[in-house]
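One structure is given here, and the rest of the page talks about it.
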Amino acid sequence: MEQKKNNFKIVSDKKARIILPNAITLIGVCIGLTSIKFAIDGKFAIAIIAILFAGLMDALDGRIARLIKGTSKMGKELDSLGDVISFGVAPALIMYFWNLQYLEKLGWFVCLIYVICVALRLARFNINSEEEPSWKDNFFEGLPSPAGGVIVLMPLIFSFSGFGKFFAEVNYDLIVPIFFIIVSILLISTIPTYSFKKIVIPRSMTKFLLFGIVLFFGALLVYTFKVLAMSSFVYLCLIPISFFHYKKIKKEKNITSDKDEGLEDIL
């Protein structure tokens with residue numbers, strides 16, 4: 001009888017615990033690939049939403065893995081490969097089918113640049129994540145790939161948001177390639193960006209934080225593309241703030257050299 005009980009201790013088995021986070025990662029990859037199918041069919045709004053769900057899966061897999069102690073080297077590599085597809089290849093092809101295909105060779109060229117930069121950024125992530133955790137966990141090195149995958153879609157999101165009526169006719173043929181290059185540079189840069197991983201608030205403020213989260217997601221459901229456009233713009237505005245904040249913390253800790261220094265990524 002005792003031997004039988006031991007045979008059913010699946011949850012305590014390390015190999016079994018890594019199945020759930022890896023399954024979530026693969027679901028995210030499937031959603032990312034499906035967004036390409038939506039783009040081919042001309043359903044660009046649904047394609048954007050699919051990228052958002054892929055981002056949600058990417059945010060969950062690592063957290064669940066750490067929660068159930070199911071982290072593994074395979075999961076880490078699988079997560080990076082999935083990110084290349086969901087936040088590199090998929091957004092590039094969505095934008096290609098929407099606008100860049102009309103620029104012919106130039107459109108395909110900027111798509112290639114973006115995907116390569118996502119791959120390079122994730123390769124650097126795999127190296128930096130081997131370092132010991134520190135105060136730098138509050139920052140990413142460069143733009144994280146999930147954020148890049150959404151930010152690069154901003155022209156398309158903007159076109160669905162209805163904000164275009166407040167501006168003169170927007171020249172997407174010019175804006176989209178420039179935007180691709182800017183995001184690509186941010187991905188491979190060493191500019192510190194907020195990771196939002198270790199936010200500490202007083203207990204008395206918890207209810208207000210929860211209310212704000214509910215309010216945000218409620219607005220996202222009702223005014224999806226307006227909220228996405230504004231959120232992306234706010235995120236871009238936070239990049240220079242995070243840069244100066246990082247420099248300030250670094251100065252306070254009397255870190256005078258950047259030699260062999262890297263920001264640990266935990267996304």
Side-chain angles (χ1 to χ4, degrees), residues 19-62 64 74-75 77-122 143-162 164 170 172-173 175-177 179-181 183-184 187 217 220-229 231-232 267:
I19 293 176
L20 178 59
N22 288 344
I24 293 174
T25 301
L26 292 175
I27 290 171
V29 172
C30 291
I31 295 172
L33 288 171
T34 304
S35 71
I36 300 174
K37 177 64 168 62
F38 287 132
I40 294 172
D41 295 339
K43 300 175 182 178
F44 296 106
I46 303 177
I48 294 171
I49 293 171
I51 293 295
L52 293 179
F53 273 101
L56 179 62
M57 294 297 103
D58 183 71
L60 287 176
D61 58 6
I64 291 176
M74 177 183 174
E77 299 299 328
L78 188 63
D79 185 65
S80 293
L81 290 172
D83 285 356
V84 172
I85 295 172
S86 297
F87 310 115
V89 177
L93 289 179
I94 290 171
M95 295 301 286
Y96 180 79
F97 290 124
W98 178 65
N99 175 269
L100 291 173
Q101 62 176 321
Y102 304 112
L103 300 179
E104 299 179 349
K105 293 181 180 179
L106 175 62
W108 187 246
F109 179 66
V110 296
C111 284
L112 291 177
I113 290 175
Y114 171 74
V115 175
I116 289 170
C117 287
V118 171
L120 290 172
R121 192 249 180 270
L122 289 165
L143 194 68
S145 54
V150 175
I151 296 296
V152 82
L153 295 173
M154 267 191 73
L156 178 55
I157 294 170
F158 182 80
S159 71
F160 284 116
S161 68
V170 180
Y172 288 110
D173 291 343
I175 291 174
V176 174
F179 214 75
F180 258 72
I181 298 300
V183 174
S184 299
L187 282 164
F217 281 101
L220 187 63
L221 289 172
V222 179
Y223 306 104
T224 304
F225 296 105
K226 286 183 172 61
V227 173
L228 277 178
S231 300
S232 301
L267 184 62

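When a residue number appears, it is its place in the shown sequence, counting from 1.
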Correct closest heavy-atom pair for Met57 and Ile27 would be SD-CG2, 4.0 Å
Where Ile151 and Pro155 come nearest, the two heavy atoms and their spacing
O-CD, 4.4 Å
Distance-minimising heavy-atom pair for Phe225 and Ser161
O-CB, 3.6 Å
Would you find a donor on one side and an acceptor on the other, under 3.5 Å apart, between the side chain of Thr34 and the backbone of Ala50?
no
Could you check if a side-chain atom of Leu103 sits within less than 4.5 angstrom of a side-chain atom of Pro177, using non-hydrogen atoms only?
yes
At their closest point, which heavy atom of Trp98 faces which heavy atom of Ser159, and how far apart are they?
CZ2-OG, 3.7 Å
Find the distance between CD1 (Ile94) and CG (Asn99) and round it off to the nearest 0.5 Å.
13.5 Å
Kindly compute the distance separating CD1 (Ile49) from OG1 (Thr224), expressed to the nearest 0.5 Å.
5.5 Å
Residue from Trp108, Tyr114, Tyr102, Phe180 passing ring pair (Phe, Tyr, Trp, His ring centres under 6.0 Å) with Tyr96
Trp108
Considering all heavy atoms, the nearest Ile51-Ser35 contact:
CD1-OG, 3.5 Å
Within this structure, what is the CG-CD1 distance for the pair Leu26 and Ile19, rounded to the nearest 0.5 Å?
11.5 Å
Measure across Val118 and Ser145 and return the closest heavy-atom pair with its distance rounded to 0.1 Å.
CG1-CB, 4.2 Å
Heavy atoms of other groups near Phe160 CZ, more than 12 under 6.0 Å:
yes
Under 3.5 Å: donor-acceptor pair, side chain of Ser231, backbone of Leu228
no
